[in-house]
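All heavy atoms count here, side chains included; hydrogens, waters and symmetry mates do not. Counting convention: from 1, in listed order, for ligands and their atoms alike.
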Amino acid sequence: MCGIIGYIGNRRATPLLMQGLRRLEYRGYDSAGIAVLDGNSLFCERTAGRIDALKEKIGERRPEGTVGIAHTRWATHGIVSEHNAHPHRACNDSLVIVHNGIIENYRELRAELQATHTFTSDTDSEVLAHLIESCHQGNLRHSVACALSKVRGTYGLVVMHADNPDLLVCARMGSPLVIGMGEHEYFVASDATPLLPYTKDVTYLDDGEIAELRRDGVRIYDLREKTVHKDIQRIEWNDEQAQKQGYDHFMLKEIFEQPVVFRDAVRGRKIPEDGTAYLGGLNMTESQMRNVSRVVFVACGTAYHAGMIGKYVFERLAHIPCEVEVASEFRYRDCVLDDRTLVFAISQSGETADTLAAVREARRKGAIVRGIVNVVGSTIARETDGGTYIHAGPELAVASTKAFTNMVAVILLYALQFGRLKHVSLADGQQFLQAHFEIPSKMEQILNMNDEIAAVARRYARYRDFLFLGRGINYPVALEGSLKLKEISYIHSEAYPAGEMKHGVNALLGPDFPVLAIMTKNQLYEKMRSNIEEVRARGSKVILIATEGDTDARQLGDDVLTVPSTIEALEPLLNTIPLQLFAYHAATMLDRDVDRPRNLAKSVTVE
Ligand code: G6P
């Protein structure tokens, strides 16, 4: 969603901000803009569309200034157009803002201000510029604090004023902002990705904090304007990881990184001699763990599918009743939680607004809340009382791939750790870990089938509808495969637990409705087989994901993609990969914008 980058220092701000915008593109956007202070004169340019369009508009007019702000917009209030793009200016053209979030009471505020201020956009954000202007009496931080005291909603906000060319003021409530610390230069951004070429030392603003960035330092205050002292953290990611490294798309690179990042996720977390795992960040004693009576996974999108897999493995290994819920539903439901309920919030970005709200709700109700998060230092990581980083490295394609497998990898280790305190025997634990150990090389084997998968995907890319089928632990895998296909190729697709087809979806089957089914050798293999026979009998083409050496599958499927065998609990780690590649190649065949699919954002920081 909206991306913010701001800079104050001694370099020319324009190229730096433009490069920053490009690094924020992955979040998803529909328009972009930049404002730079050149002495006391304000240069501002905005456009609907891509950053290249903004670059073209700027043309040869390159302001020399060394302080500026820039923004990629993801429309919420107001159509996609130049006048709705950020930065937004106040009336006197001296004050500009960029904003991520939603101002809930903007209608009331706008109605009040309209008598004396001229509005030029349909956005909720513009009201902030006028409100700050109306509060302004010389001290920009006071003006921002005064304006924000009247605002209801969420914001990651950066403000610049031509009368204060040595100052940027930032504020956060609900929408992330990270401050990068350089040598006499400071950065502010929605996430750390655009900061990587310049600094790894950062500090994360918390809700209710206001920061002043000057060339000689950063000062942070709370909303009552009391000074706040914050730690500086070091980002582990390097700039190289945030590049495509020769791949055509980030998504393909991230799919291919899975064997490597899987190893990163589990390194140091397995104890083979005890047949168990140890995830220290859980921050619970063994007796507290034994006392857990229920596990709830909350998440959105792909992370939700990882949670569904969690339900299967937790109930099987740990014998703990388990639920999984979409965070946007969880947060508004009267969910029954107590101090024996362990809530896992799963999130790649650690910033998804609904998942964060679910975390807050669960904590309020006294549950034990832990995070399974990729981005170190993100809000969910900070607001949970422990948890585990999945160490997938920067994931920049909107469609999540490697983060999914690493979420599953970590959840499986949690299930084993809990299971070994209860029902799982040493031998079973060790067998589990051995199978876990073999996963990366088996992932590599599947990745080596890329050309074969591409050929199959291309043959099917022209169909308009698709059905994904799975059973048991492979039902969430089917959901994930279907989500990947629809989000990046725009082919309509559904996923069903195969045993449920008779209750509706069978009516859709026929020659125009191909079916991709996961039929690997596990306890539901025979059941799945009969379901596929039914599909064939109704004339649909069938693509099968089957276990290596399954000769029967060859007779059943029009196309068969094989995967190495593993124990059932670990199948999702392998079975998902051909589905990711299938979606990727179908989308490239259709010439889609694979890394930045239309209408979608990487990090959904508003409700
Ligand atoms: C967006 C992204 C998905 C992601 C979901 C949850 O919809 O496009 O790829 O799965 O948000 O994001 P999170 O960062 O919380 O895992």
- Message: I'd like to know if the side chain of Gln580 pairs up with that of Tyr584 as donor and acceptor (distance under 3.5 Å, no hydrogens or angles considered).
- Response: no

- Any side-chain donor paired with an acceptor under 3.5 Å for Thr520 and Asn575? yes

- Compare Cys300, Gly301, Ala601 and give the one whose heavy atom is closest to atom 7 (O) of ligand 1. Ala601

- Item | Side chain Asp201, main chain Met181, donor-acceptor under 3.5 Å | no

- Item | Heteroatom proximity flag, Glu487 to ligand 1, N/O under 3.5 Å | no

- By side chain to side chain contact (heavy atoms under 4.5 Å, CB included) - contacts of Tyr198 (at least two apart): Arg11, Leu16, Gln19, Phe187

- Message: At less than 4.0 angstrom from any non-hydrogen atom of Lys602, what atoms of ligand 1 do you find?
- Response: 1 (C), 2 (C), 11 (O)

- Item | Residue Ser349 vicinity, atoms of ligand 1 by number, heavy atom under 4.0 Å | 13 (P), 14 (O), 15 (O)

- Message: Any nitrogen or oxygen of Met407 lying under 3.5 Å from a nitrogen or oxygen in ligand 1? Just yes or no.
- Response: no

- Message: Tell me whether ligand 1 is touched by Leu600 - counting only heavy atoms on the residue side and a distance under 4.0 Å.
- Response: no

- Task: Go through the side-chain N and O atoms of His585 and Asn450 and say whether any donor and acceptor fall under 3.5 Å apart.
- Result: yes

- Identify the closest protein heavy atom to atom 3 (C) of ligand 1: which residue and atom is it, and at what distance? Val398 O, 4.0 Å

- Per-atom contacts of ligand 1 with Ser400, taking only distances under 4.0 Å to non-hydrogen atoms: 9 (O)

- Message: Taking distance alone, with N or O pairs closer than 3.5 Å, would you say Gln348 contacts ligand 1?
- Response: yes

- Message: Per the ring pair (Phe, Tyr, Trp, His ring centres under 6.0 Å) rule, what does the pair list look like for residues 376-419, sequence neighbours excluded?
- Response: Phe314-Phe418, Phe344-Tyr414

